[in-house]
Amino acid sequence: TSHSPDHAFLTAHEVLLLKDGAVFARGAPDAVIDDAVLSGLYDTPTVVARAPVAGGGCVKVYLLVMAIATATTYVAVPIIRHIALVGNALTPVRARDVHSTPIPRLGGVAMFFGLFSAISVASTIPYLSDVIDSSAWAVVLGAGLVCLLGVVDDLWELDWMTKLAGQILAAGVMAWQGVQLLTFPVAGLTIGSSRLSLISTVIVVVAAINAVNFVDGLDGLAAGIIGIGSTAFFLYTYVLTRATSPGSYSSLAATIVAALIGVCVGFLPHNFNPATIFMGDSGAMQLGLVSAASTIIVTGQIDPGSFDGSRALPAFMPILLPLAVLLLPLTDMIMAIVRRARKGLSPTHPDRMHMHHRLLAAGHSHRRAVLVMYLWAAVASFPVAAMAFFPLPWVMVGAGIAVLFAFVVTVDLMPGVRHALHSMLHRRQDRQEQRIVVSRNVSGTGEVTRPAEGQAPHGSALAAPSEPTEGGRQ
């Protein structure tokens with residue numbers, strides 16, 4: 001628009017952002033709207049069109065949500081740590097633990113403050129206000145319930161049945177408020193029964209909660225893995241939203257994932273080795289629930305029929321990508337359950353056989369074990385997200401290179417593995433040397449020489465040939 005003392009000019013191809021956030025386009029091309037008409041627009045209750053925000057602008061909105069979650073979590077951690085110290089909410093040193101001194105926990109409370117603050121501020125931003133609906137607050141409510149459950153468990157050590165019942169309750173409340181699995185983006189499969197939808201949602205959420213809880217065994221491990229995987233999921237969700245909703249790039253799933261990333265980033269400076277505070281069950285279960293909730297929400301944004309044959313793979317991403325994001329936690333949980341079941345133990349029976357324990361036993365330092373897990377989390381999640389945007393052959397080549405690089409780095413950072421490989425190579429060389437008859441040179445130089453094939457060593461007589469065996473082989 002251009003303004004003069006008496007008139008304001010608005011063409012049909014331009015938009016005007018009014019006080020209440022509504023955007024209107026009026027008139028034919030090059031039509032002039034005077035002050036009277038312009039003032040009348042402010043009283044018009046109907047939204048004719050909403051202006052799409054430029055790609056860079058909407059990214060800034062999500063970055064703002066991340067920044068709010070990061071800052072709130074970072075500032076809240078010292079306060080919660082002080083409360084934990086005063087209340088003696090400390091993690092005891094147990095046989096399966098890797099820390100040697102009691103560490104304050106309840107860090108999940110600070111993480112919840114970060115999540116709540118980010119969603120609250122997002123609900124006041126005009127660009128995101130339309131997508132922050134009851135589902136968003138259902139996620140916050142579910143996160144609050146598991147956070148409260150975790151606080152009680154961190155203080156009084158609940159038994160596994162009570163904890164599982166609380167997890168089911170939190171997942172059920174969130175599902176009851178609208179965050180439910182309604183469709184699977186595979187061949188247009190829809191869950192026809194509301195009861196089945198509720199049950200499926202609870203199972204998915206509880207599985208994610210316990211997967212993250214199982215992997216939370218080293219300083220910074222759970223927050224880093226979820227933060228890395230959520231970054232890949234955010235990129236996918238954002239690009240998906242731009243493809244499916246070209247008129248508006250606002251997305252509830254992207255907003256929640258942005259807040260989740262911010263929470264992880266804000267907590268990591270306090271939790272990375274050497275940690276000054278642990279997130280405890282209140283934080284680990286919260287990360288699992290929010291990760292599952294964002295996955296459930298994004299499944300409703302895809303119409304599988306909108307993708308043709310060459311672009312059909314993105315329709316499967318809401319299933320493949322969350323599995324990739326939680327690949328390490330889920331794998332660790334499944335291995336633990338199977339391992340304990342074979343021994344006749346409870347699935348919740350503690351041991352020192354988790355992935356991070358194995359890395360430590362193989363020769364890793366604490367920090368290196370965490371960094372290796374970070375690397376594999378990135379290798380698992382980012383190539384899967386890239387499948388939605390790049391040709392599959394390119395992604396497979398890149399994924400292969402990434403896996404090879406991760407393997408080389410993992411082995412190089414593991415003194416125990418290096419020692420085992422060197423020992424294996426030395427044993428193989430020794431066996432080869434034993435098969436070769438060696439003798440010292442007649443000249444007395446002490447050099448060791450290997451006789452040519454079929455030739456006897458120096459100073460020895462040729463052995464008489466033995467009887468030929470079957471097939472004529474000696």
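Numbering starts at 1 and runs along the sequence shown. Since this is a predicted model, take the numbers as computed values, not measurements.
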Measuring only between side-chain heavy atoms, which start at C-beta, is [X] closer than 4.5 Å to [Y]?
X	Y	answer
V140	F112	yes
L218	N273	no
T73	F113	no
V265	I261	yes
I296	V205	yes
V379	F405	no

Checklist line | Note: K163-D281 ion pair, threshold 4.0 Å (strictly below) | finding: yes
Atom pair [atom1]/[atom2] of [X] and [Y] - distance to nearest 0.5 Å:
X	Y	atom1	atom2	value
I256	S294	CD1	OG	7.0 Å
D219	H270	CG	NE2	13.5 Å
S282	D154	OG	CG	5.0 Å
N271	I103	CG	CD1	10.0 Å
T101	L90	OG1	CG	9.5 Å
D153	L148	CG	CG	11.5 Å

Does any N or O in the side chain of [X] come within less than 3.5 Å of the main-chain N or O of [Y], such that one atom is a donor and the other an acceptor?
X	Y	result
T162	L158	no
N210	V206	yes
D133	S135	yes
R105	A84	no
Y127	S250	yes
R81	P104	no
S230	G227	no
T124	V121	yes
T70	G262	yes

Note to self: Taking the six-membered ring for Trp, are Y62 and F234 closer than 6.0 Å centroid to centroid?
What the structure shows: yes
Notebook entry, point to check: Under the criterion side chain to side chain contact (heavy atoms under 4.5 Å, CB included), which of Q286, M279, M111 is the partner of V263?
Noted result: M111
Checklist line | Within 6.0 angstrom of Y74 OH, more than 12 heavy atoms from elsewhere | finding: no
Checklist line | F116, CZ: over 12 other non-hydrogen atoms inside 6.0 angstrom | finding: no
Margin query: Can a side-chain donor-acceptor contact be found between T201 and Q180 if the only test is distance below 3.5 angstrom?
Written below: no
Notebook entry, point to check: Are side-chain N/O atoms of S123 and W137 paired as donor and acceptor at under 3.5 Å?
Noted result: no
Note to self: Run M174 and L141 through side-chain contact (heavy atoms from CB on, under 4.5 Å) and show every step you take.
What the structure shows: CA-CA 7 Å; M174 186 179 70; L141 176 60; over 6 Å; no
